[in-house]
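In what follows, chains carry the letters A, B, and so on, assigned in the order in which the sequence lines appear, proteins first and then strands, with residues in each chain numbered from 1. A quick note: this is a predicted structure, and the numbers were derived from the prediction, not measured. All values below were derived from every heavy atom in this structure, side-chain atoms included, with hydrogens, water molecules and symmetry-related copies excluded.
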There are 2 protein chains.
Amino acid sequence: MANPTNFFNRSETTMEYDPASPELNQEPELLKTVLNKEGFRFTSQRQKILDLFQSAALGHHLNAEEIHQQLLERGEKISFSTIYRALHVMVRLGLLQELELAEGRKYYELNTPFMDQHHHLVCVHCGNVEEFEDATMTQVGSSESTSRGFSLLNCQFTVYGICPSCQSLLG
Amino acid sequence: MANPTNFFNRSETTMEYDPASPELNQEPELLKTVLNKEGFRFTSQRQKILDLFQSAALGHHLNAEEIHQQLLERGEKISFSTIYRALHVMVRLGLLQELELAEGRKYYELNTPFMDQHHHLVCVHCGNVEEFEDATMTQVGSSESTSRGFSLLNCQFTVYGICPSCQSLLG
DNA sequence: ATGGATAGCGAAAATGATTTTCAATAGTCC
DNA sequence: GGACTATTGAAAATCATTTTCGCTATCCAT
Ligand SMILES: [Mn+2]
Ligand SMILES: [Mn+2]
Ligand SMILES: [Zn+2]
Ligand SMILES: [Zn+2]
């Protein structure tokens with residue numbers, strides 16, 4: 001394996017989004033290919049975790065706890081250590097995206113091609129998350145990073161506020 | 001005090017940025033006023049912590065650990081519990097801004113009027129953070145939130161990438 | 001100013017998400 | 001099939017942050 005020591009230390013590697021291989025997550029057996037290409041092994045656990053995200057609406061902004069729970073509901077018991085390891089690997093491979101939606105935990109969702117990147121509007125009271133797309137966002141991100149010589153990995157625009165229903169609850 | 005139970009649970013209260021009281025952090029004794037207005041008490045610890053941020057370039061994206069350390073260097077020993085409590089209160093009062101620059105810890109900086117809000121470009125390899133301003137960002141944030149009936153609290157645009165010097169190190 | 005009520009302090013213990021350790025297992029490649 | 005070693009699960013370890021609790025200091029009313 002390429003970098004065994006700090007490998008699991010989040011995306012500290014120069015593994016950028018590869019526009020040449022966009023829909024990998026759709027196909028059933030491609031996971032093995034993607035993993036092996038980078039020296040990882042294909043395992044049933046990793047496939048099941050990815051499956052969870054691919055069954056659309058179900059998955060979407062899942063944290064480790066929710067993944068563990070939803071897998072249990074599907075009759076699959078996968079340890080937390082395995083879940084965390086799989087998430088890191090898939091983020092590294094560009095299959096998943098890690099999100100900081102505030103609160104002390106990380107959320108994950110299927111990664112999308114850079115230009116289709118969406119952003120988030122979070123209610124700090126109830127945790128409700130809405131998504132939106134906006135091309136100017138990604139433009140600003142990429143122009144800002146190239147003008148400083150940064151190689152862009154990804155942008156996150158997160159808007160915090162209070163959703164309509166929480167507003168009425170709080171007066 | 002208004003909401004004793006979940007009070008310290010981050011900014012879950014409807015305490016929006018007040019454009020009428022912008023430069024509070026500049027003045028020396030205003031902290032007491034701001035605290036008392038909301039039922040908090042003025043303490044030397046809170047003043048010293050705020051002082052740290054106000055001595056500009058020194059402070060800027062400080063986490064609890066760094067605050068504790070820099071206070072020690074100034075000969076002030078303030079416990080972590082007090083530091084964390086003070087940070088929460090000051091965020092709640094709009095004096096400080098809490099940032100999620102990735103990595104499992106939170107950073108703080110002096111809050112600025114909404115329209116002057118700046119954003120961050122983070123090197124995921126060395127942690128170097130650069131700031132930039134962009135009006136479109138805040139526009140998109142506010143239009144997006146009003147169009148959904150959210151009451152806006154704040155926006156964070158964070159761009160992740162690899163800085164020039166880390167790029168050369170990594171080949 | 002004085003005094004009572006109680007918010008805030010520090011030290012230590014608790015929490016909770018994530019990471020690591022380690023022996024057993026299972027992909028990959030020959 | 002067999003060697004090599006990445007991956008797994010369970011349990012222990014980390015680490016930032018939060019809570020608890022007895023004591024102190026601030027605030028407000030007298
Ligand atoms: Mn999303
Ligand atoms: Mn900043
Ligand atoms: Zn809400
Ligand atoms: Zn760097």
Side-chain angles (χ1 to χ4, degrees), chain A residues 1-10 12 29 31-49 62-69 71-72 76-93 98-108, chain B residues 1-10 12 29 31-49 62-69 71-72 76-93 98-108:
Chain A
M1 184 186 309
N3 189 344
T5 58
N6 77 338
F7 176 66
F8 281 118
N9 298 338
R10 75 192 335 277
E12 297 200 4
E29 274 314 301
L31 177 57
K32 179 175 193 324
T33 311
V34 181
L35 285 166
N36 291 347
K37 192 187 317 181
E38 294 291 330
F40 297 105
R41 293 180 181 175
F42 172 86
T43 67
S44 65
Q45 289 91 336
R46 287 171 178 175
Q47 182 66 67
K48 285 166 191 158
I49 291 170
L62 295 173
N63 61 42
E65 177 72 41
E66 293 167 339
I67 292 167
H68 185 254
Q69 187 54 44
L71 285 169
L72 279 183
E76 309 290 352
K77 183 153 162 287
I78 298 184
S79 75
F80 275 103
S81 16
T82 298
I83 291 173
Y84 280 111
R85 283 181 292 228
L87 290 172
H88 292 154
V89 170
M90 293 189 201
V91 166
R92 204 236 210 226
L93 295 175
E98 185 181 82
L99 301 175
E100 320 262 355
L101 301 176
E103 309 314 311
R105 55 178 85 174
K106 289 176 182 158
Y107 285 81
Y108 298 84
Chain B
M1 182 186 310
N3 189 344
T5 56
N6 76 337
F7 176 67
F8 280 118
N9 299 338
R10 76 190 336 274
E12 298 202 3
E29 274 313 301
L31 176 57
K32 179 177 193 325
T33 311
V34 181
L35 284 166
N36 291 347
K37 192 187 317 181
E38 295 290 331
F40 297 105
R41 293 180 182 175
F42 172 85
T43 67
S44 66
Q45 289 90 338
R46 286 171 179 176
Q47 182 66 66
K48 285 166 190 156
I49 291 170
L62 295 173
N63 61 43
E65 178 71 41
E66 292 166 339
I67 291 168
H68 184 255
Q69 188 54 44
L71 285 169
L72 278 183
E76 309 290 352
K77 183 154 164 286
I78 299 185
S79 75
F80 275 103
S81 18
T82 298
I83 291 173
Y84 280 111
R85 281 181 293 229
L87 290 172
H88 291 153
V89 170
M90 294 190 200
V91 167
R92 205 236 211 226
L93 295 175
E98 185 181 84
L99 301 174
E100 321 261 356
L101 302 176
E103 308 316 308
R105 54 178 87 174
K106 290 176 182 157
Y107 285 82
Y108 298 83

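Residue-to-nucleotide contacts include a donor-acceptor pair under 3.5 Å from the side chain of B:Arg41 to the base of C:dT6.
Formation of a donor-acceptor pair under 3.5 Å by the A:Arg92 side chain with backbone atoms of A:His88 is not found in this model.
Partners of A:Arg41 by side-chain contact (heavy atoms from CB on, under 4.5 Å), not counting sequence neighbours: none found. By the salt bridge (Lys or Arg N to Asp or Glu O under 4.0 Å) test, B:Glu76 is found to be paired with B:Lys48, residues two or more places apart in sequence or in another chain being considered.
Within the 4.0 Å cut-off from OP1 or OP2 of D:dG9, at least one side-chain nitrogen or oxygen of A:Gln45 is found. Applying the 4.0 Å criterion to OP1 and OP2 of C:dA11, one finds that B:Lys77 has a side-chain N or O inside that range. The side chain of A:Arg46 places an N or O atom within less than 4.0 Å of a non-bridging phosphate oxygen (OP1 or OP2) of D:dT7. Close to D:dT17, at under 4.0 Å from its OP1 or OP2, lies a side-chain N or O of B:Tyr84. The side chain of B:Thr43 contributes an N or O atom lying less than 4.0 Å from OP1 or OP2 of C:dC9. Proximity of B:Asn63 to the phosphate of D:dA16: no side-chain N or O atom is located under 4.0 Å from OP1 or OP2. For C:dT19, one of the phosphate oxygens OP1 or OP2 lies less than 4.0 angstrom from a side-chain nitrogen or oxygen of A:His88. Contact check, A:Lys32 against C:dT28: a side-chain N or O comes under 4.0 Å of OP1 or OP2.
Closest to the side chain of B:Arg85, from the set D:dA16, D:dT7, C:dC9, is C:dC9. Distance from the side chain of A:Asn36 is smallest to C:dT28 among C:dT28, D:dT19, D:dC27.
In this structure, B:Glu38 and B:Leu93 approach most closely via the heavy-atom pair CG-CD2, 3.4 Å.
Comparing B:Ser81 and B:Ser44 by the nucleotide of DNA chain D whose heavy atom lies nearest to each, the residue mapping closer to the 5' end is B:Ser81. Residue whose closest nucleotide on DNA chain D sits further toward the 5' end, between A:Leu35 and B:Phe80: A:Leu35.
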